[in-house]
Amino acid sequence: MRLLGLCPNNSFAAPLLSFVSNLHYRHCPRLFPVSRVSNHFCVSGGKGLVLAAQFGYKSDSQSEFQRKDLMAGEKEIPGINKTPYPPIEPYSTGLLKVSDLHTIYWEQSGNPAGHPVVFLHGGPGGGTAPGNRRFFDPDFYRIILFDQRGAGKSTPHACLENNTTWDLIADIEKLREHLKIPEWQVFGGSWGSTLALAYSQTHPEKVTGLVLRGIFLLRKKEIDWFYEGGAAAIYPDAWETFRDLIPESERGCFVDAYCKRLNSSDMETQYAAARAWTKWEMMTAHLLPNEENIKRGEDDKFSLAFARIENHYFVNKGFFPSDSFLLDNIDKIRHINAVIVQGRYDVCCPMMSAWDLHKVWPEAELKIIPDAGHSANEPGVAAELVAGNEKLKNILQKNGP
């Protein structure tokens, strides 16, 4: 039986041309006024603030967070911190059994009496990392991280059974109730932004604010762009390793071809496919190559969960009833303060998705970072993620308990 089709068509042609045009624009500044390529571009509406979060599997080394000197002409909001907070350790950790099969790892750090914020990691399958805590003021926030089903320290590892978007949304609610939290702020990037939108649209009354990064709406054209040849125009060298694992006869749909291997009865076949799948994403996640991040693709345990769970969600179209499901349900969260942070040269989750989200949700603030790709740990992105949390913090402080 043919797996649910995510095979290529011409749907990624227009985004590809636009992306290549933008790349040419970025590297040929003499053809354009300097101000157009040097400043952060911000589109904001009257009600909202939205901000985007990070892949849990990215490097959390302090050097990645170091902010470059502010570019000429950049306008700063007085009093808004943009520097990631120092590393901290959890004050409590635990395991929560969310089904007969699955148990999820969770942790809390920061202020036990602070405003709760839940971090939704990327992938899916990426898991959390210590650096994820650094986007939040530990004196103000009660910071909750957890590993989604099959990822990180959650068990069983790399398990696809009973692992859907709706299962994860139910898990988030079980964790909230377990921790006796009435409502919380939600922070998520890449797949984390997908899950944050889906969770918020399901439980809008439980969400005080949103911070989103690297918007991923899990539409067919987004999957086609990254896994069916679109992004290969930007990274042809990295693409060849991903492509060459699959025989020419099966290259009509790489997502399906990898699904077959990631679910093989032979574990070495699974590991080989997982390494190739993961390395492709790690090599494209930063504007400039990050060797520490790329090495994550060589970790068989990490790669297996990351690749198997991602592929499982993509083959099943995110378990959404329609391609435009998240955009169609924006009215449910229009009232929530939100900030979206998007790297201009994000190859994994191209800016077209953040732009489409902003068009249907103009109340949300959109921050476009002109010198960044996908990773939340790139300096410009990290700075605006911290700033987004600071803006939401200021709103909460102003409104009071």
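Since this is a predicted model, take the numbers as computed values, not measurements.
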Step-by-step side chain to side chain contact (heavy atoms under 4.5 Å, CB included) determination, Asn329 to Leu326:
CA-CA 5 Å; Asn329 285 278; Leu326 294 176; over 6 Å; no

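- Around the CD atom of Glu248, the shell of radius 6.0 Å holds no more than 12 heavy atoms that belong to other residues, nucleotides or ligands.
- Comment: Glu222 engages Arg219 in a salt bridge, judged by a side-chain N to carboxylate O separation of less than 4.0 angstrom.
- Separation of atoms OH (Tyr85) and CZ (Phe135) is listed at 12.5 Å; rounding is to 0.5 Å.
- Counting heavy atoms from C-beta outward, Leu120 and Leu168 have side chains that stay 4.5 Å or more apart.
- Note on ring orientation: taking the six-membered ring where Trp is involved, the planes of Trp277 and Tyr258 are perpendicular (angle over 60°, cut-offs 30° and 60°).
- Among all heavy-atom pairs drawn from Ser200 and Val207, the shortest one is OG-CG2, 3.6 Å.
- Taking each heavy atom of Cys349 and Phe216 in turn, the nearest pair found is SG-CB, 3.8 Å.
- A heavy-atom distance below 4.5 Å is not found between the side chains of Asp139 and Asn111.
- For the pair Asp323 and Leu218, the tightest heavy-atom approach, listed with the atom from each and the gap, is OD1-O, 4.3 Å.
- For Phe254 and Trp239, the ring centers sit closer than 6.0 Å to each other.
- Checked options Gln148, His312, Arg149; the residue passing with Pro124 is Gln148 (criterion: side-chain contact (heavy atoms from CB on, under 4.5 Å)).
- Atom CD1 of Ile330 sits about 7.0 Å away from atom CZ of Arg334, to the nearest 0.5 Å.
- Between Asp244 and Arg251, at least one side-chain nitrogen of the basic residue sits less than 4.0 Å from a carboxylate oxygen of the acidic one, meeting the salt-bridge criterion.
- Remark: side-chain polar atoms of Thr165 are paired, donor with acceptor, to backbone N or O of Gly318 under 3.5 angstrom.
- Pairs passing the salt bridge (Lys or Arg N to Asp or Glu O under 4.0 Å) check and including a residue from residues 182-200, sequence neighbours excluded, do not occur.
- The heavy-atom pair separating Ala273 from Arg261 by the smallest distance is CB-CB, 3.8 Å.
- A pairwise comparison of heavy atoms in Val347 and Phe226 identifies O-CD1, 3.7 Å as the closest pair.
- Counting heavy atoms from C-beta on, the side chains of Pro289 and Met283 never come closer than 4.5 Å.
- Residue pairs meeting the salt bridge (Lys or Arg N to Asp or Glu O under 4.0 Å) criterion with at least one member in residues 116-132, sequence neighbours excluded, do not occur.
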Begin from the C-alpha positions of Thr194 and Tyr313 and carry the test side chain to side chain contact (heavy atoms under 4.5 Å, CB included) through to its verdict.
CA-CA 12 Å; Thr194 319; Tyr313 274 73; over 6 Å; no

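- Residues Gln342 and His358 have side chains not in contact (no heavy-atom distance under 4.5 Å, counting atoms from C-beta outward).
- Across every non-hydrogen atom of Leu245 and Ala276, the tightest pair is CD2-CB, 4.2 Å.
- Annotation: side chain of Ile181 is not in contact with side chain of Val118 (no heavy-atom distance under 4.5 Å).
- Put simply, CD1 on Ile215 and CE on Met352 are 13.0 Å apart, with the number rounded to the nearest 0.5 Å.
- With Asn377 contributing its side chain and Ala382 its backbone, the two residues share no donor-acceptor pair below 3.5 Å.
- Put simply, CZ on Phe325 and CG on Leu197 are 10.5 Å apart, with the number rounded to the nearest 0.5 Å.
- The pair Glu390-Lys393 meets the salt-bridge criterion, with a side-chain N (NZ, NE, NH1 or NH2) lying under 4.0 Å from an Asp/Glu carboxylate O.
- A donor-acceptor pair is defined here as one N or O able to donate and one able to accept, closer than 3.5 Å; such a pair exists between the side chain of His121 and the backbone of Gly127.
- Residues Leu357 and Leu327 form a side-chain contact, since some pair of their non-hydrogen atoms from C-beta on lies under 4.5 Å apart.
- The salt bridge (Lys or Arg N to Asp or Glu O under 4.0 Å) analysis of residues 106-118, with sequence neighbours excluded, yields the pairs Glu107-Arg133.
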Taking it one step at a time, do Ser322 and Asp328 satisfy side chain to side chain contact (heavy atoms under 4.5 Å, CB included)?
CA-CA 9 Å; Ser322 67; Asp328 293 341; 4.1 Å; yes

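- Under the 30°/60° scheme for interplanar angles, the aromatic rings of Tyr227 and Phe242 are found to be tilted.
- Residue pairs meeting the salt bridge (Lys or Arg N to Asp or Glu O under 4.0 Å) criterion with at least one member in residues 121-131: none, sequence neighbours excluded.
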Derivation of the side chain to side chain donor-acceptor pair (under 3.5 Å) call for Ser154 and His102:
CA-CA 8 Å; Ser154 294; His102 289 277; over 6 Å; no

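- Note that the CD atom of Glu161 and the OG1 atom of Thr164 stand 12.0 Å from one another [nearest 0.5 Å].
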Using side chain to side chain contact (heavy atoms under 4.5 Å, CB included), reason through Asn263 and Leu160 one step at a time and then give a plain yes or no.
CA-CA 10 Å; Asn263 291 279; Leu160 306 183; 3.4 Å; yes

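- Ion pairing between Glu173 and Arg176 holds under the 4.0 Å rule for side-chain N and carboxylate O.
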Show which side-chain atoms of residues 300-307 pair as donor or acceptor with protein atoms under 3.5 Å away, not counting sequence neighbours.
unit_1	atom_1	unit_2	atom_2	d
Asp300	OD1	Arg275	NH1	2.8
Asp300	OD2	Arg275	NH1	3.3
Ser303	OG	Gly297	O	3.0
Ser303	OG	Asp299	O	3.0

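- Using a 4.5 Å cut-off on side-chain heavy atoms (C-beta onward), Thr241 and Trp280 make no contact.
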Check the pair Gln185 / Asn389 against side chain to side chain donor-acceptor pair (under 3.5 Å), numbers first and verdict last.
CA-CA 9 Å; Gln185 185 172 312; Asn389 283 320; 2.9 Å; yes

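- To the nearest 0.5 Å, the span separating CG on Asn290 from OG1 on Thr284 amounts to 12.0 Å.
- In this structure, the side chains of Phe136 and Val386 stay at 4.5 Å or more apart for every pair of heavy atoms.
- Considering only residues two or more places apart in sequence or on other chains, Gln201 meets the side-chain hydrogen bond (donor to acceptor under 3.5 Å, both in side chains) condition with none of them.
- The number of heavy-atom neighbours closer than 6.0 Å to NZ of Lys153, taken from other residues, nucleotides and ligands shown, is 12 or below.
- Remark: Lys221 does not engage Asp224 in a salt bridge, criterion side-chain N to carboxylate O under 4.0 Å.
- The backbone N or O of Ser99 lies less than 3.5 Å from a partner atom in the side chain of Lys97, making a donor-acceptor pair.
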